Amino acid sequence: MGVTKEQVESSLTSKLKPSHLEVIDTSGGCGASFVIEIVSEQFEGKRLLERHRIVNAALEEEMKQIHALSIKKALTPELWKQQQEAEKSKPDA
């Protein structure tokens, strides 16, 4: 058995204290593949690659069993706010 969605959420929450976190198990339940969207103050002043490394480091133990990790978004609270406001102002298609 691989890693559970709850284990990934727990590790990221305890280590990065996100203001927004979405974890999706894309492996069909076997825990081998996840998509993550995370917003954390710990990303302030960090480039995208550094943010991804922070997420990977927070999941160091879990990564031993995860085969695919897609970090869809790794944003600062300010960038997250800007994206949310931009999405709200878009006209519906």
Side-chain angles (χ1 to χ4, degrees):
M1 177 71 183
V3 177
T4 66
K5 174 184 176 221
E6 291 76 20
Q7 286 173 295
V8 173
E9 289 172 342
S10 177
S11 287
L12 291 173
T13 299
S14 68
K15 294 172 184 165
L16 300 181
K17 311 210 178 342
S19 55
H20 169 79
L21 176 62
E22 183 178 350
V23 177
I24 300 168
D25 183 345
T26 55
S27 66
C30 73
S33 178
F34 294 91
V35 174
I36 295 173
E37 187 172 285
I38 184 168
V39 178
S40 174
E41 289 183 2
Q42 292 189 34
F43 298 147
E44 290 288 347
K46 305 281 193 288
R47 292 188 168 134
L48 184 60
L49 182 59
E50 291 173 292
R51 294 175 192 174
H52 284 224
R53 286 179 176 153
I54 290 168
V55 171
N56 282 316
L59 295 174
E60 182 178 7
E61 283 303 309
E62 292 82 357
M63 289 303 292
K64 293 174 184 175
Q65 298 179 58
I66 294 174
H67 298 287
L69 179 68
S70 173
I71 304 170
K72 195 165 99 178
K73 291 182 182 176
L75 303 172
T76 64
E78 183 60 33
L79 285 173
W80 174 251
K81 183 180 171 189
Q82 288 172 10
Q83 280 196 5
Q84 295 302 313
E85 289 171 358
E87 287 176 17
K88 285 180 190 173
S89 66
K90 283 184 186 174
D92 291 334

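On a predicted model such as this, the values are computed, not experimentally measured, just so you know.
- Hydrophobic cluster membership differs between Val35 and Leu21, with clusters built from Ile, Leu, Val, Met, Phe, Trp and Tyr side chains linked at under 4.5 angstrom.
- The hydrophobic cluster containing Leu12 also contains Ile54, counting ILVMFWY residues as joined when their side-chain heavy atoms lie under 4.5 angstrom apart, directly or transitively.
- Within the structure, the ring pair (Phe, Tyr, Trp, His ring centres under 6.0 Å) test picks out no pair touching residues 21-51 (sequence neighbours left out).
- The minimum heavy-atom distance linking Ser27 with Ala32 is given by the pair OG-N, 3.4 Å.
- With rounding to the nearest 0.5 angstrom, the CD atom of Glu61 is 12.0 Å from the CE atom of Met63.
- Ile24 and Glu22 make their closest contact through CD1-OE2, 3.4 Å (heavy atoms, listed as atom of the first residue, atom of the second, distance).
- Within the structure, the side-chain hydrogen bond (donor to acceptor under 3.5 Å, both in side chains) test picks out the following pairs touching residues 36-54 (sequence neighbours left out): His20-Glu37.
- Within the 4.5 Å cutoff, the side chain of Val39 has no heavy atoms near those of the Pro18 side chain.
- Considering OG of Ser33 and CG of Asp25, their distance stands at 7.5 Å, rounded to 0.5 Å.
- Applying the side-chain contact (heavy atoms from CB on, under 4.5 Å) test between Lys81 and each of Gln84, Glu85, Gln83 identifies Glu85 as the sole match.
- In terms of modelled atom types and a separation under 3.5 Å, the side chain of Ser14 and the main chain of Ser10 share a donor-acceptor contact.
- Under the side chain to side chain contact (heavy atoms under 4.5 Å, CB included) criterion, Glu62 pairs with Val3, Ser11, Leu59, Ile66, not counting sequence neighbours.
- Between atom NZ of residue Lys5 and atom OG1 of residue Thr26 there is a gap of 12.0 Å, rounded to the nearest 0.5 Å.
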